[in-house]
Engineer: 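Mind having a look at this structure? Questions to follow.
Please read all numbers here as calculations on a predicted model, not as lab measurements. We use all heavy atoms of the structure for the numbers below, so side chains are in, but hydrogens, waters and symmetry mates are not.
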Amino acid sequence: MVLDTNALMMPVELDVRVFEELDRLLAARTDLVIPTAVAEELTKLSAGAGAEAVAASVGSDLATDRCRAVDTEATYADDAIVELAERGCDFVVTNDKPLRNRLLERGVRVIGIRGRDKLDITEP
């Protein structure tokens with residue numbers, strides 16, 4: 001399963017317990033990965049100021065603790081996520097609508113926010 005930048009920022013920005021929600025949706029443990037481009041994006045955002053920087057800092061810590069970083073040829077985070085998805089990942093966790101649409105067009109299942117604080121799976 002691949003996580004996008006905004007998925008890792010959900011705990012602060014949307015008060016969503018991402019990893020608990022993933023456990024609820026998918027009973028079996030799964031390998032959580034992020035492209036190195038996502039790790040770099042979180043680092044860049046956390047260097048800023050305000051709520052976004054705090055969310056990115058928390059997201060970076062969560063990624064370090066819970067996810068495995070994977071190198072990709074793409075350097076832009078969304079392109080890197082699509083690249084990993086095309087390598088055969090089961091799910092991508094994101095709330096980015098353009099990215100979500102790109103993934104669904106490629107037959108990738110997407111996990112995103114439903115309601116106020118729950119995640120749900122969207123099938124292609």
Engineer: If only atom types and distance count, is the side chain of E52 paired as donor or acceptor with the main-chain N or O of L45 below 3.5 Å?
Structural biologist: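 Not a single qualifying donor-acceptor pair exists.
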
Engineer: Check this for me: does any side-chain nitrogen of one of E105 and R102 sit under 4.0 Å from a carboxylate oxygen of the other?
Structural biologist: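 Between R102 and E105 there is no salt bridge, as every charged N stays at least 4.0 Å from the carboxylate O atoms.
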
Engineer: Measure the spacing between CG of D4 and CE of M9 and express it to the nearest 0.5 Å.
Structural biologist: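 D4 atom CG to M9 atom CE measures 10.0 Å (nearest 0.5 Å).
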
Engineer: For D65, is the CG atom crowded, meaning more than 12 foreign heavy atoms sit under 6.0 Å from it?
Structural biologist: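 Enclosed: over 12 neighbouring heavy atoms sit under 6.0 Å from CG of D65.
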
Engineer: When you check the gap from the basic side-chain N to the acidic O, do E20 and R24 get nearer than 4.0 Å?
Structural biologist: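 Salt bridge: no.
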
Engineer: Find the distance between SG (C67) and CG (L62) and round it off to the nearest 0.5 Å.
Structural biologist: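 Separation between the atoms: 8.0 Å.
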
Engineer: With a 6.0 Å cut-off (strictly less than), is the heavy-atom count around CZ of R116, excluding the residue itself, greater than 12?
Structural biologist: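 No.
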
Engineer: Counting only N and O atoms by type, is there a donor-acceptor contact under 3.5 Å from the side chain of S60 to the main-chain atoms of A56?
Structural biologist: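 No; zero donor-acceptor contacts below 3.5 Å.
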
Engineer: How long is the gap from CD1 on I81 to CG on L103, to the nearest 0.5 Å?
Structural biologist: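 Output value for this atom pair is 7.5 Å.
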
Engineer: Taking everything shown except E123 itself, do over 12 heavy atoms lie less than 6.0 Å from its CD?
Structural biologist: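 Counting other residues, nucleotides and ligands, CD of E123 exceeds 12 neighbours.
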
Engineer: Heavy-atom count check: over 12 atoms from other residues, nucleotides or ligands less than 6.0 Å from R106 CZ?
Structural biologist: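 Correct, the count exceeds 12.
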
Engineer: List the steps, then state whether side chain to side chain contact (heavy atoms under 4.5 Å, CB included) holds for M10 with L119.
Structural biologist: CA-CA 11 Å; M10 279 184 208; L119 296 179; 3.9 Å; yes

Engineer: Mind checking side chain to side chain contact (heavy atoms under 4.5 Å, CB included) for D117 and listing every partner two or more places apart, or none if nothing turns up?
Structural biologist: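 Expected list: V16.
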
Engineer: Quick one: list whatever passes salt bridge (charged side-chain N to carboxylate O under 4.0 Å, His left out) with K44, sequence neighbours left out.
Structural biologist: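 Residues passing salt bridge (charged side-chain N to carboxylate O under 4.0 Å, His left out) with K44: none at all.
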
Engineer: Between atom CG of L84 and atom CD1 of I34, what is the distance when rounded to the nearest 0.5 Å?
Structural biologist: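 One finds 10.0 Å between CG of L84 and CD1 of I34.
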
